[in-house]
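In the text below, chain A, chain B and the rest are named by the order of the sequence lines, each starting its count at 1.
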Amino acid sequence: MRTTIPEDPDSLRRKVEADLAAGEHHLAWAEIVRSLRGEPSTSACTLAADLTSRLDAASAGLTPMCVALLGSFTLAPLAPLITGHAIRSRLALSLHVGGFNTWRQEAMDPAGSLRRFRPEVVFLAVRAEDVCPALAYRFLDLSEDEVAGQVADLIGQVEGFIRSMREWSDARLVIPTFPLPAAPALGILDHQVAHGQTAAFRQANAALGDLAKRYPDVWLLDAERLTRAVGAWHFRDARLWGIAKLPLSGAALHALAEEYVTYLRAFAGVAKKVLVLDLDNTLWGGVVGEDGPDGIQLGPDYPGSAYVEFQEVILGLERRGVVLAINSHNNEADAIEVLERHPAMVLRRHHFAAVRINWQDKVRNMFELSEELRLGVESFVYLDDSQVECERMWQALPRVWTIHLSPEPADRADILRRLPLFDALTFSAEDRRRGELYQQEAARKHLFAAAQSPEDFYRSLQMELTIQRVDTSTLARAAQLSQRTNQFNMTTRRYSEADVARFLESAAHEVYCLRVHDRFGDSGVVGLLITVREGIRVIIDTFLLSCRVLGRTVEDAALTFLLHRAQEAGATEVMGVFRPTAKNTPAADFYSRSGFERVEDRGGESLWRLPATAFSRPFPDWVTVHLPAEA
Amino acid sequence: MEERICQIAASVLRVSPARLDATASPDTIETWDSLQHLNLVLALEEAFDLRFMVEDVGRMRTIGEIVRLVRSRLNGAA
């Protein structure tokens, strides 16, 4: 049951208007997002979408995106839901809603409003019933050959759409798989025969997968899974089709809108990264400070079993690269006792990258966790069973995605499984190792505390920097870095794997990845450099480093490498580009302290110049640099 | 219940609840077009866990009629 709006629309409007009048767009955003907590209703999303249109994206620190929705049925009711769900993730959407069944025409029309809108992302919402009715309604009339022909025609239509779009747009295209029929033509026999209706749809979906791989920046949305998750008979609504040619139920509309926003988060690089957990009545039943480590509920019988299963889901997230943290009111010793020694615990102390177990204000704990992890609070998801703690967090830190856990412990594992907040469109070896990487970082911090001077610390780390040209084995990680790195990122240009592949093919571009190794271990691939040669000058298109390797002069060594390359290539100047964002202040003074001269400001970016006379500076002597092998 | 219906309609129609008395209709509220009528149906069904019949939707010509309809559906009337 979705939550209704907690207060009346007039009161929310007044608060938002007052904040806007005072120029406080951040506060206005916080008010809107607070009205959407939990599972927001259609009316809450609609009101939020309306109020969002009054926000200035830049002042509120939001990411603007131009998104188009095209399809074969009535799409308009999706719009306020997409906008409302998106604003919770700090995405300020401009939405183009396509006309009724005009998806093909809009892609082709050179004078149409879609072309003028210049979308960055296009979602295609088509049903088999609309684009291939014979396959959906008349399956048993078709011979095997005719079925194959229908599937080919269906794929051809989608391919035609992609090609039309690619004539004039680089927008990311998201195309849906088709739900398998819930009442297939041959009933219980259907899935057991090679030429049943189910098999035909499976073939169509497989062909769509191949199609998406053949064109740059085309993504598949698994509408088949979405339909299955909601339930095939709950996904459709024949009455709404009768009223307004809307084939989807209210529940399906929300599910689809949230799925779209999951893709938008991934495209914008703002998927959540950290799961922060309370302990008592969250990871185990009961309160360890009162019940003692032996008295908490955690084990093979309910409710202990529910908590064990919940921990298994959390462990699964850790394996996926989600960072785990604890924010709990407890005596640290009691909690650590359970974490390290309770036999039924699935999660152990070492799974958590940072912990704040104390009697301090949990909001202050959250800030400290953010600082220790070097990740902004807007990347945090917080789970707590206490309504009071959740209210506090919603008021004080609306940028943290706070979830009040259901009172029934048995429900929580599935609720967590279904959360799409951490979903991203890349998965690399670094993701798998993220937990281990945080443990290494803790060891480095101890060393830093003991060092006499920064240089002393750098030397004791025994750093090795390996610079390699990006190739197929590092392509995914390179793209992921460009999509996720926000702090030490000069230009914040987001690239897909297809984009990076294009740079590799280009003679004017050079693409390098940086790997850092020290006495504590391998940090993995943590930096990306992309340069473009333009005549006598080399332009630094992308220069970014994961925040995990900042503060150790790795960036200086990386820049030195680029300057040496420029010298070898005979360039007379290197140009750095810097685009300030809400998050990259750590990078703001890099070019100036590296001796570059600011020469121009153009379109929100500053241009910096270093002449050839400064190219031959040495590498810092505490870093061993391994240069790329000559191609 | 009436107040809740007004709040929901006010959010969907983007007007103040004060304008939505029993006689408010698409003739008096400029934003109440066929698209918003559909959104209103969706929002009400979700909020009250109801399913209207297609013919009900045509009968929802004023806020007053909507209130009567929701009340009768909640009471299990056909």
Which members of residues 246-256 of chain A, sorted by number, sit under 4.5 angstrom from chain B on a heavy-atom basis? Leu246(A), Gly250(A), Leu253(A), His254(A)
Which heavy atom of Ile243(A) sits nearest to which heavy atom of Val54(B), and what is that distance? CG1-CG1, 3.8 Å
Is the side chain of Glu46(B) donor-acceptor paired with the backbone N or O of Thr42(A) at a distance under 3.5 Å, no angle test? yes
How long is the span from the CG atom in Leu13(B) to the CG atom in Leu47(A), to the nearest 0.5 Å? 11.5 Å
Looking at side-chain heavy atoms only, is the closest gap between Pro77(A) and Leu35(B) below 4.5 Å? yes
Going by residue number, which parts of residues 225-242 of chain A are within reach of chain B, meaning a heavy-atom gap below 4.5 Å? Asp237(A), Arg239(A), Leu240(A)
Neighbour count above 12 (heavy atom, 6.0 Å) for Glu408(A) CD: yes
Assess whether atom CD of Glu2(B) is packed by more than 12 heavy atoms of other residues, nucleotides or ligands within 6.0 Å. no
Is atom CZ of Arg417(A) surrounded by more than 12 heavy atoms (other residues, nucleotides or ligands) closer than 6.0 Å? yes
Spatial distance of atom OG (Ser43(A)) from atom CG (Leu44(B)) [nearest 0.5 Å]: 8.5 Å
Can you list every salt bridge (Lys or Arg N to Asp or Glu O under 4.0 Å) pair that touches residues 81-104 of chain A, not counting sequence neighbours? none
Sort by residue number and list every residue of residues 16-29 of chain B having at least one heavy atom under 4.5 Å from chain A. Ser16(B), Pro17(B)
